[in-house]
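Written below as structure tokens is the structure these notes are about.
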Amino acid sequence: MSKAKLVVMISGNGSNLQAIIDAIESSQLSAQILAVISSRANVYGLQRAENHRIPSIVFYQTTTRADYDADLGDFVANLKPDWVILAGWMRILSMNFLRHFPNRVVNLHPALPGQFPGTHAIERAFTAAQQGQIDHTGVMVHLVPDEGVDDGPVLATETVPIYHDDTLETVEARIHAVEHQILVDTIGKLIKN
Ligand code: GAR
């Protein structure tokens with residue numbers, strides 16, 4: 001069976017990118033990363049790509065959002081990926097991009113479906129827990145059909161508890177550990193289908 005071809009899109013630290021790389025290198029995932037695309041320069045995720053000799057590119061917005069998404073869509077489509085993985089990609093993608101990859105764009109978000117969409121989801125969940133509004137948050141992996149923010153057909157979810165003695169750092173660490181596993185597991189299921 002040929003390896004699934006992935007493009008991984010990031011905006012920051014890239015710990016989820018690292019989880020995918022590690023799963024590929026340990027043969028847990030039968031996949032290859034064609035390229036890492038970052039919306040920001042000088043982020044550690046780019047260093048991770050370089051460490052593993054994976055081609056990477058920073059995609060700056062120099063034009064309108066519509067043109068940026070169209071250019072990015074053309075660039076990624078030319079790579080001919082089987083799956084586009086948004087692993088901490090912090091920009092909303094419009095149909096100019098998404099039309100190239102129907103049912104092929106997968107997003108990871110550190111909250112349960114419908115809760116805390118957008119940025120700072122973990123911080124917002126932690127604050128809600130401190131105010132006694134929730135005692136858990138979670139992680140989801142979903143398809144990206146349109147411009148809805150962290151919304152779309154759910155592929156996997158996992159609940160993550162928030163304890164009374166947690167700090168933001170302990171919650172973040174718990175969530176990231178779950179993310180690394182659920183993202184790799186979900187990609188594994190997708191590429192077997
Ligand atoms: C992850 O927590 C991911 O779920 C989140 O960005 C972080 C990236 O971490 N994505 C979103 O919030 C999307 N709205 P990483 O760069 O260490 O993989």
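In this chain, residues are counted from 1 in sequence order. When a ligand or atom number is given, it counts from 1 through the structure's own listing order. Because the structure is predicted, anything quoted here is derived from the model rather than measured.
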Original post:
Do Asn51 and Gln47 get their side chains close enough for a donor-acceptor pair, meaning under 3.5 Å?
Top reply: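 Yes, Gln47 and Asn51 have a side-chain donor paired with an acceptor closer than 3.5 Å.
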
Original post:
Using a distance-only test with no angle check, is there a side-chain donor-acceptor pair under 3.5 angstrom linking Gln61 and Arg91?
Top reply: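 Note: Gln61 and Arg91 side chains meet the donor-acceptor criterion.
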
Under 4.0 Å from a heavy atom of [X]: give me the atoms of ligand 1 that qualify, with their elements.
{"X": "Gly118", "result": "12 (O), 14 (N)"}
{"X": "Gly88", "result": "6 (O), 8 (C), 10 (N)"}
{"X": "Pro110", "result": "2 (O), 3 (C), 4 (O), 5 (C), 10 (N), 11 (C), 12 (O)"}
{"X": "Glu179", "result": "1 (C), 2 (O), 3 (C), 4 (O)"}
{"X": "Asp150", "result": "13 (C), 14 (N)"}

Subject >> Any residue meeting salt bridge (charged side-chain N to carboxylate O under 4.0 Å, His left out) with Glu147, in chain and number order, not counting sequence neighbours >> reply: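 Partners of Glu147 by the salt bridge (charged side-chain N to carboxylate O under 4.0 Å, His left out) criterion, ordered by chain and then number, come out as Arg65.
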
**OP:** Would you indicate which of Gly14, Gly12, Ser11 comes nearest to atom 16 (O) of ligand 1 when only heavy atoms are counted?
**Re:**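 Result: the heavy atom closest to atom 16 (O) of ligand 1 is in Gly14.
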
Subject >> Candidate with minimal heavy-atom separation from atom 9 (O) of ligand 1, of Asn13, Val8, Asn16, Val178 >> reply: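 Nearest option to atom 9 (O) of ligand 1, by heavy atoms: Asn16.
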
Taking the side chain as everything from C-beta on, heavy atoms only, tell me whether [X] gets closer than 4.5 Å to [Y].
{"X": "Leu93", "Y": "Asp69", "answer": "yes"}
{"X": "Ser38", "Y": "Tyr60", "answer": "no"}
{"X": "Pro153", "Y": "Pro145", "answer": "yes"}

Measuring from non-hydrogen atoms of [X] to any atom of ligand 1, is the shortest distance under 4.0 Å?
{"X": "Ile10", "answer": "no"}
{"X": "His120", "answer": "no"}
{"X": "His176", "answer": "yes"}
{"X": "Gly45", "answer": "no"}

**OP:** For Glu158, check side chain to side chain contact (heavy atoms under 4.5 Å, CB included) against everything at least two apart and list the hits.
**Re:**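 Applying side chain to side chain contact (heavy atoms under 4.5 Å, CB included) to Glu158 gives Val178, Ile182.
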
Original post:
Got a second to check how far Phe116's CZ is from Phe126's CZ, nearest 0.5 Å?
Top reply: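 If we round to the nearest 0.5 Å, Phe116:CZ and Phe126:CZ are 12.5 Å apart.
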
Original post:
How long is the gap from CZ on Arg104 to CG on Leu98, to the nearest 0.5 Å?
Top reply: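 Reported value, rounded in 0.5 Å steps: 14.0 Å.
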
Subject >> Nearest-neighbour protein heavy atom for atom 10 (N) of ligand 1, which is reported as residue plus atom name and distance >> reply: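 Nearest protein contact, heavy atoms only, for atom 10 (N) of ligand 1 is Leu108 O, 3.6 Å.
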
Original post:
Looking at atom 17 (O) of ligand 1, what's its closest protein heavy atom, distance included?
Top reply: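 Looking only at protein heavy atoms, the one closest to atom 17 (O) of ligand 1 is Ser15 OG, 2.6 Å.
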
Subject >> Polar proximity ligand 1 side, Trp89 side, N/O cut 3.5 Å exclusive >> reply: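 No, Trp89 has no N/O under 3.5 Å of an N/O on ligand 1.
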
